[in-house]
Amino acid sequence: MTRNWKTRTKLVHQGVRRSQYGEMAEAIFLTQGFDYPSAEAAEARFVKAGEDEFIYARYGNPTTRMFEERIAALEGAEDAFATASGMAAVNGALVSGLRAGDHVVSARALFGSCLYILEEVLTRFGVKVTFVDGADLDQWKKAVVPGTRMVFFESMSNPTLELVDIEGVTRIAHAAGAVVVVDNVFATPVFSRAVEQGADVVVYSTTKHVDGHGRALGGVICGTQEFIRKTVEPYMKHTGAAMSPLTAWMHLHGLATLDLRCRAMAESALKIARALESHPKIAKVIYPGLESHPQHALAMAQMGSGGTLVTFEVKGGKEAAFRFMDALEIACISNNLGDAKSIATHPATTTHQRLPQEQKDALGITPGLIRFSVGLEDAADLIADLTGALDAA
Ligand SMILES: *Cc1c(COP(=O)(O)O)cnc(C)c1O
């Protein structure tokens, strides 16, 4: 499926299916079903659907298929299944591959809904889950035992941008026969080399950088053809969290500019991190692209970039953090990321509000902490906005 094209070419052309009209923009096949040429053809397709034969949009759709092929090619994965949201992708990858009695090892620092699936859903159905500090390979070594079925982690954690060594964890997991599932949202599909680094399954919330304009909710599971077709597809097609063709169409256009956007955002992120590091109102800047980040070398080896988010702590706790946010003129106050518009988030009172204090402390979610998703605005304007708001704080 993957041609020998470089990334930017794949992002524009991979997976295109043109109708008899030769349309330039990919068509939106906003149809739930398909008209078969004969009763015999319908029967044959239900026995075995060929490569470009569709039955029902819950199973697959030509526009969705174009998106799946394009993002699989970007990721270097054999195949992909598009889902209604990032959480549908995480849930689909985990639940489809597990059964009662299985053992899973997961990093502790997770997006709240991912934590819910591991802590509440999987355990309710008899899956045993062990949590480890994702950055500590010794803890993975101790927790993964022969027979462990799956390991799960976010390759860069939210909001404190701590990295998990994909190659290191994969070596430990594969020695025990476990499948490696990586939630790679913060790394972005552009900076990801997770498949090359050994991950078996890579999931994305495409709501973030892939859509890139804060419009549509979506997700995708990338993996081997065997895992996607034999494990994921049966579960997804019968449980129903399919991606809408309209979303797939928006995402196709998101992918066309994804490489350019992520690189521009990361370039601005480094400038912003450097500018904030010396500001007197800042207690600390966390950005993996800075030499001061404790995992700078791993970030460069794993992603070749520090990514598109900068996290920092404003001196003066919650009050100062709120004064800072309220003084921003360009950046929005919201909780998405990877958007063209820069977004400031206060994790302690929003995305991570419900965590008990000791968990916030363990994850480093302090009252002055701000997560900043760098957008596509001019970097100098963003730096002026941030430093101006800090002066006001
Ligand atoms: C946003 C996000 C999700 C969930 O994605 P949705 O599209 O909102 O369902 C999962 N994991 C990570 C790391 C995320 O940032």
Side-chain angles (χ1 to χ4, degrees), residues 64 67 71 75 80-95 106-122 134-135 151-164 166 180-192 194 199 201-222 236 239-244 246-248 250-251 254-255 258 262 265 288 302-303 307-311 334-339 343-347 350-355 363 365 371-375:
T64 310
F67 167 70
I71 196 159
E75 195 62 37
F81 198 97
T83 60
S85 69
M87 284 325 302
V90 172
N91 184 69
L94 294 174
V95 175
S106 170
R108 193 175 288 117
L110 294 179
F111 185 73
S113 303
C114 296
L115 190 65
Y116 175 82
I117 291 173
L118 283 142
E119 249 184 348
E120 305 282 336
V121 180
L122 293 181
V151 306
F152 177 75
F153 58 90
E154 291 169 15
S155 59
M156 184 149 72
S157 74
N158 173 25
T160 51
L161 312 184
E162 191 177 76
L163 273 81
V164 175
I166 296 176
V180 177
V181 182
V182 181
D183 179 336
N184 220 14
V185 169
F186 277 54
T188 82
V190 165
F191 300 125
S192 166
V201 183
V202 184
V203 297
Y204 288 102
S205 161
T206 54
T207 312
K208 314 291 167 59
H209 303 83
V210 172
D211 182 80
H213 300 78
R215 302 164 300 194
L217 207 57
V220 70
I221 307 170
C222 303
M236 293 307 303
T239 54
M243 178 179 280
S244 139
L246 186 60
T247 297
M250 285 192 268
H251 281 3
L255 285 177
L258 184 69
C262 287
M265 287 170 172
Q302 193 156 292
M303 308 191 295
T308 69
L309 288 116
V310 180
T311 297
S334 190
N335 40 262
N336 190 19
L337 58 101
D339 194 302
I343 294 172
T345 309
H346 187 251
T350 60
T351 53
H352 293 69
Q353 186 191 129
R354 265 169 296 166
L355 286 188
L363 294 175
I365 300 164
R371 186 189 80 188
F372 193 74
S373 169
V374 179

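Starting from 1, each residue takes its place in the sequence as its number. Both counts, for ligands and for their atoms, begin at 1 and track the order of listing.
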Cut-off 3.5 Å, side chains only: do Ser192 and Asn184 have a donor facing an acceptor?
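Yes - a donor-acceptor pair under 3.5 Å links their side chains.
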Indicate whether any N or O donor in one side chain lies under 3.5 Å from an N or O acceptor in the other, for His209 and Thr188.
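Side chains of His209 and Thr188: no pair found under 3.5 Å.
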Can you list everything that forms a side chain to side chain donor-acceptor pair (under 3.5 Å) with Thr247? Sequence neighbours excluded, please.
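Once residues adjacent in sequence are excluded, Thr247 has no partner under the side chain to side chain donor-acceptor pair (under 3.5 Å) criterion.
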Is a side-chain donor or acceptor of Thr83 paired with a backbone partner of Gly219 at a separation under 3.5 angstrom?
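The answer is yes, because a donor-acceptor pair under 3.5 Å joins these two groups.
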Is a side-chain donor or acceptor of Gln302 paired with a backbone partner of Ile166 at a separation under 3.5 angstrom?
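Yes, because the side chain of Gln302 sits within donor-acceptor range (under 3.5 Å) of the backbone of Ile166.
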Got the residues with a heavy atom under 4.0 Å of ligand 1, by chain and number?
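These residues qualify: Ser85, Gly86, Met87, Phe111, Cys114, Glu154, Asp183, Val185, Phe186, Ser205, Thr207, Lys208, Leu217, Gly218.
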Flag the pair Phe152 / Leu118 as yes when at least one side-chain heavy-atom distance between them is below 4.5 Å, and no otherwise.
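The answer is yes, as the side chains (C-beta and beyond) meet within the 4.5 Å cut-off.
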